[in-house]
Amino acid sequence: MKEISPALIGEELTEEQINRLRFEIQNHYDVELSSEAIVLGDNKVQRWFDAKKTEIDWGYWPAYKESLLMKKRERKVIDENEKIIDSILDFSGDPKSEDKAWSRKGLVMGNVQSGKTQNYIGLINKAFDCGYKVVILLGGHMNELRKQTQIRIDEDVIGLESKHLILNNMRKKIGVSNYRRDGLEVATFTSTEGDFSKRVATSLNISFSALNAPVIITVKKNTTILKNLINYITESSALEGDKKLDVPMLLIDDEADYASVNGLADRNRVSRT
């Protein structure tokens with residue numbers, strides 16, 4: 001765990017400093033699952049994962065799992081978490097399905113310090129193995145929280161420091177890249193240096209319609225940022241009218257309890273986010 005600056009001792013912490021400390025503590029202490037997961041789902045949803053998991057060429061997930069073991073995380077916690085991830089994927093839909101019209105929504109609930117970050121990072125890695133091409137991660141509503149989330153994504157998903165990817169500088173392996181076989185890469189439009197920007201995205205020249213590697217975009221839960229991202233995807237992919245991007249995507253909201261749809265007191269109004 002990072003040391004707390006002596007300047008903070010004996011002083012009243014700001015909300016941003018408290019959130020940063022909470023994030024660091026939660027991410028550096030292991031957890032145990034006190035009970036098995038309970039899955040509630042629509043029986044009409046077509047399940048797919050169990051029938052196809054032996055056909056999947058696993059690469060991203062084993063590397064993440066190995067990195068957790070090297071960090072001395074409990075194997076039983078990893079294994080139980082994997083069961084939950086598999087259930088989420090099972091209900092999310094087969095990204096390689098010929099039926100491109102499907103859309104699923106769901107909620108994953110857990111107690112404080114129940115390993116939710118490890119859960120959704122594991123989900124992202126497994127989703128890439130299964131064939132999902134784009135992941136949009138809402139990583140907090142403040143710049144500092146988004147940056148802290150991006151740091152975790154760099155280490156546990158991308159395997160490179162995102163600022164070097166954006167600036168096209170020297171690329172040094174970190175985290176999962178040390179356990180992942182060659183050829184498995186993850187692209188990004190965001191970095192520890194900044195949130196989504198149309199200028200940066202344009203300079204990277206990554207086409208959503210012809211992705212060579214899966215993409216993860218870590219953004220704030222902010223309407224302006226989200227509108228900019230939607231506009232960029234629409235314009236760069238030449239989407240007109242009702243035409244939709246034909247790419248399997250996961251949208252993960254890391255703060256579903258903050259500024260979510262219908263989050264206002266008046267149920268007839270919908271919050272901007």
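We're numbering straight along the sequence, starting at 1. The figures here come from the full heavy-atom set of this structure, side chains too, leaving out hydrogens, waters and symmetry mates. Everything numeric in this text was worked out from a predicted model, so none of it was measured.
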| field | Residue pair Ser191 / Ser162: nearest heavy atoms and the distance that separates them | value |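 Closest approach of Ser191 to Ser162: CA-OG, 3.1 Å.
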
| field | Heavy-atom closest contact (Arg180 atom, Val157 atom, distance) | value |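 Closest pair (atom of Arg180, atom of Val157, distance): NH1-O, 2.8 Å.
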
| request: With sequence neighbours excluded, tell me which residues meet ring-ring contact (aromatic ring centres under 6.0 Å, His included) with Tyr179. | output: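 Once residues adjacent in sequence are excluded, Tyr179 has no partner under the ring-ring contact (aromatic ring centres under 6.0 Å, His included) criterion.
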
| said: Holding to side chain to side chain donor-acceptor pair (under 3.5 Å), I want the full list of residues that pass it with Trp61, two or more places apart in sequence or in another chain. | reply: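 In terms of side chain to side chain donor-acceptor pair (under 3.5 Å), with neighbours along the sequence ignored, Trp61 is linked to Glu82.
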
Side-chain heavy atoms under 4.5 angstrom apart, residues restricted to Ile, Leu, Val, Met, Phe, Trp, Tyr: same cluster for [X] and [Y]?
| X | Y | value |
| --- | --- | --- |
| Ile88 | Ile56 | yes |
| Met70 | Tyr64 | no |
| Val247 | Ile230 | no |
| Ile174 | Leu184 | no |

More than 12 heavy atoms of other groups within 6.0 Å of [X] [atom1]:
| X | atom1 | answer |
| --- | --- | --- |
| Asn205 | CG | no |
| Lys65 | NZ | yes |
| Lys105 | NZ | no |

Side chains of [X] and [Y] in contact at under 4.5 Å (non-hydrogen atoms):
| X | Y | value |
| --- | --- | --- |
| Ile85 | Asn119 | yes |
| Lys133 | Val215 | no |
| Thr188 | Ile153 | no |
| Val135 | Met249 | no |
| His141 | Asn222 | no |
| Cys130 | Leu89 | yes |
| Val186 | Tyr60 | yes |

| message | Does either side chain, that of Gln150 or that of Asp154, offer a donor lying less than 3.5 Å from an acceptor on the other one? | response |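 Per modelled atom types, Gln150 and Asp154 side chains form a pair under 3.5 Å.
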
| task | Run the numbers on Glu155 and Lys71 for salt bridge (charged side-chain N to carboxylate O under 4.0 Å, His left out), then give the verdict. | result | CA-CA 12 Å; Glu155 180 178 357; Lys71 292 176 183 177; 3.1 Å; yes

| request: Using modelled atom types only, decide if a donor and an acceptor are shared between the side chain of Ser177 and the backbone of Gly159 within a distance under 3.5 Å. | output: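 Here the side-chain-to-backbone pair exists.
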
| field | Thr192 side chain to Ile151 backbone, donor-acceptor under 3.5 Å | value |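 No; zero donor-acceptor contacts below 3.5 Å.
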
| Side-chain ion pair, Lys221 and Asp253, N-O less than 4.0 Å |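 Yes.
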
| request: Might you work through the salt bridge (charged side-chain N to carboxylate O under 4.0 Å, His left out) test for Arg181 and Asp57, ending with a clear yes or no? | output: CA-CA 12 Å; Arg181 67 174 183 263; Asp57 182 16; 2.8 Å; yes

| said: Does Lys126 qualify as a cation-pi partner of Trp58, given the criterion of NZ or CZ under 6.0 Å from the six-membered ring centre and within 45 degrees of its axis? | reply: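 The answer is yes, since Lys126 meets both limits relative to Trp58.
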
| query | Does Phe91 have Arg47 sitting over its ring (NZ/CZ under 6.0 Å from centre, angle to axis within 45°)? | reply |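 Output yes; distance and angle both within limits.
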
| task | Assess whether side chain to side chain contact (heavy atoms under 4.5 Å, CB included) is satisfied between Lys52 and Asp94, documenting all intermediate values. | result | CA-CA 9 Å; Lys52 293 190 176 182; Asp94 181 1; 2.4 Å; yes

| field | Pair Phe196 + Tyr232: ring centers closer than 6.0 Å | value |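 Ring centres of Tyr232 and Phe196 closer than 6.0 Å.
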
| query | Do Ser92 and Tyr132 pass the side chain to side chain contact (heavy atoms under 4.5 Å, CB included) test, and can you show the C-alpha distance, the side-chain angles, and the key distance before you say yes or no? | reply | CA-CA 11 Å; Ser92 297; Tyr132 280 92; 3.6 Å; yes

| message | Checking Asp129 against Asn125 for the side chain to side chain contact (heavy atoms under 4.5 Å, CB included) test, could you report, in this order, the C-alpha distance in whole Å, the side-chain angles of both residues, the deciding distance, and whether it holds? | response | CA-CA 7 Å; Asp129 281 325; Asn125 279 286; 5.6 Å; no

| task | Determine, stepwise, if the pair Lys198 / Glu235 fulfils side chain to side chain contact (heavy atoms under 4.5 Å, CB included). | result | CA-CA 11 Å; Lys198 181 179 179 180; Glu235 293 170 4; 3.0 Å; yes

